[in-house]
Amino acid sequence: MSCKIDYQPAPNLLENRVVLVTGAGDGIGRAAALTYARHGATVILLGRTIAKLERVYDDIEAAGGPQPAIFPLNFEGATLKDFHDMAETLDKEFGRLDGVLHNAGLLGRITPFEQYNPELWEQVMQVNINGPIWMTQALLPLLQASDDASVIFTSSSVGRKGRAYWGAYSVSKFATEGFVEVLSDELSNQPNVRVNTLNPGATRTQMRRTAYPGEDPFTLRTPEEIMPTYLWLMGPDSKGVSGQKFDAQPPRV
């Protein structure tokens, strides 16, 4: 569906909402965490590098946002117990979740499938789809406790049309699209929980630089510039919209 690049959010759009952002230490996750906090959300910063999360925490506090929380977690080694322990901790601390942005991701390698390392393939699947799926299952009771909860899964153009050499990353994003269709259909009788996919598009991030080393990064939008769609999907203006595919920016010509 079309992007909401021109969306004008209310300053207090996410006031009194508790939002979890994965991969919150840098790139799009960092921008989303700061943006959500600026619009009133209490943000739970999840990532694998504590020092990065602490910097985002400090930036939110310095900007006068609600006090965030830090939850270190590495999807590569996370177990079902880790996800359920996290849900238990968040339940005690907050009692509900009003939003989850699944942003953490692993590129893997851009290489022919016949040369793809099976261990790396499994690693990409764990970070990009298996971990987020089981984390969502553990967090569902907290999301169902909210009057208006939004779950955003990060997709990609290569998760909507396969592209040579993108291997595990592409397949993981196809799986993400399929899972969101399944889950949103299952939750169709629970209008207080919606789930959608969002393709950020070509954005100035480290992952993009790795995938396209010859590209001029200054021709790309920054993470901050694509935040309107992230805000629209996380806030009340998208209530009732579920099982849909969104883009955070127009396709490149």
Side-chain angles (χ1 to χ4, degrees), residues 13-14 16-25 27-37 39-48 53 56 66 68-75 78 80 82-91 93-105 127-155 172-173 175-177 179-184 186-187 190-200 227 229-236 238-239 241-246 248:
L13 180 78
L14 303 177
N16 298 321
R17 296 192 179 221
V18 180
V19 176
L20 171 68
V21 177
T22 76
I28 292 172
R30 178 182 184 278
L34 292 168
T35 301
Y36 290 159
H39 287 82
T42 296
V43 183
I44 302 162
L45 308 168
L46 187 145
R48 62 184 181 180
L53 299 178
V56 180
I70 289 178
F71 203 99
L73 186 77
N74 187 344
F75 276 116
L80 292 176
D82 291 328
F83 297 133
H84 286 280
D85 287 349
M86 177 177 68
E88 189 175 318
T89 300
L90 296 181
D91 188 21
E93 186 72 24
F94 301 105
R96 70 177 199 283
L97 265 181
D98 303 300
V100 177
L101 170 60
H102 285 292
N103 167 78
V127 173
N128 291 3
I129 184 66
N130 294 335
I133 280 178
W134 298 122
M135 191 176 91
T136 299
Q137 185 189 60
L139 296 177
L140 265 178
L142 288 170
L143 292 161
Q144 290 161 335
S146 170
D147 293 333
D148 177 29
S150 175
V151 184
I152 304 169
F153 279 83
T154 300
S155 187
S172 72
K173 296 305 182 181
T176 297
E177 294 281 0
F179 173 70
V180 166
E181 290 184 11
V182 170
L183 184 59
S184 64
E186 290 185 12
L187 296 175
Q190 300 179 45
N192 60 313
V193 183
R194 60 193 185 277
V195 54
N196 296 282
T197 64
L198 178 56
N199 167 27
M227 283 299 115
T229 310
Y230 284 78
L231 282 165
W232 182 81
L233 276 174
M234 191 57 76
S238 60
K239 190 169 185 176
V241 178
S242 192
Q244 303 299 313
K245 302 171 171 63
F246 288 91

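Count residues from 1 along the sequence.
- Distance check: Asn16 CG to Asp147 CG gives 11.5 Å after rounding to the nearest 0.5 Å.
- How far CG of Leu187 is from CG of Leu140: 6.0 Å, rounded to the nearest 0.5 Å.
- Residues Leu183 and Val180 are not in side-chain contact: their nearest non-hydrogen atoms beyond the backbone lie 4.5 Å or more apart.
- The side-chain heavy atoms of Val19 and Thr42, taken from C-beta on, include no pair separated by under 4.5 Å.
- In terms of heavy-atom proximity, Ala24 sits nearest to Ala33 at CB-CB, 4.5 Å.
- Residues Pro200 and Ile28 come closest through the heavy atom pair CB-CD1, 3.6 Å.
- Taking the side chain as every heavy atom from C-beta outward, Thr136 and Phe153 approach each other to under 4.5 Å.
- Side-chain atoms of Thr22 come within 3.5 Å of backbone N or O of Asn103 as a donor-acceptor pair.
- The side-chain contact (heavy atoms from CB on, under 4.5 Å) check on Val127 picks up Phe75, Glu76, Leu106, with sequence neighbours excluded.
- For the residue pair Ala138 and Phe83, the shortest heavy atom distance occurs at CB-O, 3.6 Å.
- In this model, no donor atom of one side chain and acceptor atom of the other lie less than 3.5 Å apart for Thr176 and His102.
- Residues meeting the side-chain contact (heavy atoms from CB on, under 4.5 Å) test with Leu14, sequence neighbours left out: Arg17, Tyr36, His39, Ala41, Leu231, Met234.
- Here the straight-line distance linking atom CD of Glu93 with atom CG of Asp91 works out to 10.5 Å at 0.5 Å rounding.
- A 4.5 Å side-chain heavy-atom check between Glu181 and Lys245 finds at least one atom pair inside the cut-off.
- Looking only at side-chain heavy atoms (C-beta outward), Phe179 and Ile133 come within less than 4.5 Å of each other.
- Separating the CG atom in Leu80 from the CE atom in Met135 is a distance of 13.0 Å, to the nearest 0.5 Å.
- With contacts defined as side-chain heavy-atom distances shorter than 4.5 Å, the pair Leu139/Met86 qualifies.
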Side chain to side chain contact (heavy atoms under 4.5 Å, CB included) between Asp82 and Leu73, intermediate numbers included: CA-CA 8 Å; Asp82 291 328; Leu73 186 77; 4.1 Å; yes
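- A heavy-atom distance below 4.5 Å is not found between the side chains of Leu46 and Val21.
- Here the CG atom belonging to Leu53 is positioned 12.5 Å from the CD1 atom belonging to Ile44, to the nearest 0.5 angstrom.
- Across Leu101 and Ala32, no two heavy atoms sit closer than the pair CD2-CB, 3.5 Å.
- Looking at every heavy atom in both residues, Thr35 comes nearest to Ala31 through OG1-O, 2.7 Å.
- Using modelled atom types, one side-chain atom of Asp98 and one backbone atom of Val18 make a donor-acceptor pair closer than 3.5 Å.
- The two atoms that bring Pro66 and Ala37 nearest to each other are CD-O, 3.6 Å, heavy atoms only.
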Return a table of donor-acceptor pairs under 3.5 angstrom between the side chains of residues 191-199 and protein atoms on other chains or two or more places apart.
residue	atom	partner	partner atom	Å
Asn192	ND2	Gln144	O	3.2
Asn192	ND2	Ser146	O	2.9
Arg194	NE	Ser238	O	3.2
Arg194	NE	Ser238	OG	3.2
Arg194	NH1	Asp148	OD1	2.3
Arg194	NH2	Leu233	O	3.4
Arg194	NH2	Gly235	O	2.5
Arg194	NH2	Ser238	OG	3.0
Asn196	OD1	Gly243	N	3.2
Asn196	OD1	Gln244	N	2.9
Asn196	ND2	Val241	O	2.9
Thr197	OG1	Arg160	NH2	3.4
Thr197	OG1	Glu177	OE1	3.0
Thr197	OG1	Glu177	OE2	3.4
Asn199	OD1	Gly201	N	3.0
Asn199	ND2	Asp247	OD1	3.2

